[in-house]
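Let me begin by presenting the structure, written as structure tokens, before commenting on it.
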Amino acid sequence: MRLSIFWRLLLTSLVIIVVMGGVNLYALLQLRELTAMSTEMASYHYPAVESAKRLLGSLYAQLNSEKKYLATKDAAFLTNFNEEVEEFQRTLQQLLGQENSPQGQSRLQETGRLLQERLALFHNGLGRVAGNVQTAMLGYEDQRDALMDRMSSSIQSYIDLHEARISVGVSESRASAVQAEAVTQQLVLVALIFGLGLAGIASYTILRPLRELQGHIKEIGQGKFGQPLQIVAPAELEDLVDTVNWMGGKLQELDDMKSEFLAHVSHELRTPMASIQEGTHLLLDEIPGPLTQEQRTTLRIMADSSRRLIHLISTILDLSKMEAGMMEYRMVPVDLKRIADVSANKVRLLADSKHVQLLIESVGERVWVKADASRIEQVLDNLLSNALKFSPEGGIVKLQMKPDQQAGVLEVAVSDTGPGIAADDLQHIFERFYQGRTKAKNAMGGSGLGLALAKKVVEAHGGRIWIESEAGKLTTVRFILRSAKQGRGLGE
């Protein structure tokens, strides 16, 4: 089942949205991870370090109050000592409740145990001081200072543990941020390329059949109905393709009917027209009786019109045969120079009457091509007649033959000094019955079939024909034929 244009665009958009959503989700997860690491440091490690530093401060405050009390025996200093100890214990218990690592808890518990030893030493030391004061104080202070150093070391070790974790966390956060940024950039780039690729594929699958359909419609407009268009297209375009194929088939039927009608009518007209022309010639020869000058003039006009009409009918028949593929060609090596001379002689009187110079240029006395002599003569007749028709008084019509030994072809060019052809007319100039907008002065209207027949004949010989012209400048009709050697075929 072929997807419609709507579903192609919708699915493409959904895939692009999902891909971009995945990239955003990854970036969000990385951001949450970084936020969690920052939150842990801000709410856990930094407060733990600050609390541990307060423990150190409280420990030294205890020592200060103790020394003052032992020196003065002032109860106020003992009260301060006890308050500092209570504050120390509350802070220590708070840290123990928040600490979640075994190493930290071990250090805090060690600190609490040393604090109990410190308090026991303090209370025991007060009783011994009543005896030998100097000796007792020396022993007490040594033990107290040792416990103080061990407590300070334990608290500092706890502080170092959290500061190390803070340092590791900062490093990990920085590395994670750099990695997340790099990966996010790569994912965005991949998603962008993937999205553009999907959009391009979706557009291509829609535009390609449209372009093929457009080209097929142009061919139909040029009269090339050909075969029905077979393409893979979205569902909406299938009906349009079927409609265009149906239209092409109907136009082909109409064209076949027209060709058949023209061929039939032309064939039926040729016999009576030949009889009229023959009768006119008998009258001009005065076989039935003598003619007056007015009668002779009238009969000459009738004979000329009959000749032109028979030529038109023959041209229509030839075109009908060519389009039906029934025209037979006898391809043999022929002298194109001789054919050109024959065609030039046919229009010599017309050229002299218009004072137009008719020139034939070739590279030698004989120019051999592989062709059907009668058909190529028909092509040259039409081209020379057209050139003379559009040439002004005193103009020049030139027929040139230039062989290309390397390509194995001969180029024939018929040029005139007429008004030229408009650019809009050039693309239609080889169509049947098309005569363009440029009209020759004092010339009878043509049928518009000469160039169409010339194109059919040249292409049947495997050649190519084209026109080079600009409005207001000379016109040159060029065509190429395959070269041949005298008395031999091209394949020999």
Side-chain angles (χ1 to χ4, degrees), residues 30-126 129 137-178:
Q30 293 298 317
L31 181 61
R32 286 185 176 180
E33 183 177 349
L34 292 175
T35 302
M37 295 175 68
S38 300
T39 302
E40 182 182 6
M41 287 187 290
S43 61
Y44 174 56
H45 294 295
Y46 284 117
V49 171
E50 293 298 324
S51 298
K53 289 181 178 179
R54 286 200 303 271
L55 285 180
L56 283 177
S58 177
L59 186 62
Y60 291 118
Q62 293 175 33
L63 179 61
N64 188 35
S65 297
E66 178 186 353
K67 287 181 178 181
K68 289 180 179 179
Y69 172 73
L70 292 177
T72 62
K73 299 295 190 281
D74 187 348
F77 294 116
L78 181 59
T79 301
N80 290 338
F81 175 81
N82 292 328
E83 290 176 354
E84 291 294 340
V85 170
E86 292 177 359
E87 177 66 21
F88 186 93
Q89 289 176 334
R90 284 196 301 270
T91 302
L92 184 61
Q93 291 300 318
Q94 183 180 1
L95 281 176
L96 277 171
Q98 295 176 352
E99 184 60 41
N100 54 20
S101 66
Q103 298 92 337
Q105 289 183 354
S106 175
R107 286 169 174 76
L108 291 177
Q109 290 172 356
E110 175 68 14
T111 301
R113 186 182 62 79
L114 293 175
L115 176 63
Q116 296 303 320
E117 291 184 11
R118 164 86 169 78
L119 293 176
L121 177 65
F122 174 73
H123 292 296
N124 293 332
L126 289 179
V129 169
M137 286 296 296
L138 287 175
Y140 170 77
E141 288 180 354
D142 291 338
Q143 294 180 21
R144 181 195 66 192
D145 291 342
L147 287 174
M148 288 289 294
D149 290 340
R150 290 172 62 188
M151 291 178 66
S152 299
S153 298
S154 179
I155 296 173
Q156 188 61 49
S157 176
Y158 178 79
I159 293 174
D160 292 342
L161 175 65
H162 279 275
E163 287 182 343
R165 290 180 179 177
I166 290 174
S167 178
V168 171
V170 170
S171 300
E172 290 180 352
S173 298
R174 187 179 295 110
S176 180
V178 172

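Computed from heavy atoms alone, side chains included, the values below leave out hydrogens, waters and symmetry copies.
For the side-chain hydrogen bond (donor to acceptor under 3.5 Å, both in side chains) test, residues two or more places apart in sequence or in another chain that qualify with Arg54 are Ser51. For His162, the ring pair (Phe, Tyr, Trp, His ring centres under 6.0 Å) partners are Tyr44, His45, Tyr158, not counting sequence neighbours. For the side-chain contact (heavy atoms from CB on, under 4.5 Å) test, residues two or more places apart in sequence or in another chain that qualify with Asp74 are Thr72, Ala76, Phe77. Residues satisfying the side-chain hydrogen bond (donor to acceptor under 3.5 Å, both in side chains) test with Ser65, not counting sequence neighbours, are none. Take Glu117 and apply the salt bridge (charged side-chain N to carboxylate O under 4.0 Å, His left out) test, not counting sequence neighbours, and it matches Arg113. For Thr79, the side-chain contact (heavy atoms from CB on, under 4.5 Å) test picks out Glu83, with sequence neighbours left out.
Identified under the ring pair (Phe, Tyr, Trp, His ring centres under 6.0 Å) test for residues 82-108, with sequence neighbours left out: none. Each salt bridge (Lys or Arg N to Asp or Glu O under 4.0 Å) pair with one or both residues in residues 156-165, not counting sequence neighbours, appears once here: Glu99-Arg165.
Expressed to the nearest 0.5 Å, how far CG of Leu59 lies from CG of Leu115 amounts to 8.0 Å.
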List the atom pairs, with distances to 0.1 Å, where a side-chain N or O of residues 146-153 and a protein N or O form a donor-acceptor pair under 3.5 Å, not counting sequence neighbours.
residue : atom : partner : partner atom : Å
Ser152  : OG   : Tyr60   : OH           : 3.4
Ser152  : OG   : Met148  : O            : 2.9
Ser153  : OG   : Asp149  : O            : 2.9

Donor-acceptor list for residues 90-97 side chains, cut-off 3.5 Å, not counting sequence neighbours:
residue : atom : partner : partner atom : Å
Arg90   : NH2  : Glu87   : OE1          : 2.5
Thr91   : OG1  : Glu87   : O            : 3.0

Legend entry - Leu108 and Gln105: CA distance, side-chain angles, deciding distance, side chain to side chain contact (heavy atoms under 4.5 Å, CB included) verdict: CA-CA 5 Å; Leu108 291 177; Gln105 289 183 354; 5.7 Å; no
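Without hydrogens or angle criteria, Thr39 side chain to Thr35 main chain gives a donor-acceptor distance under 3.5 Å.
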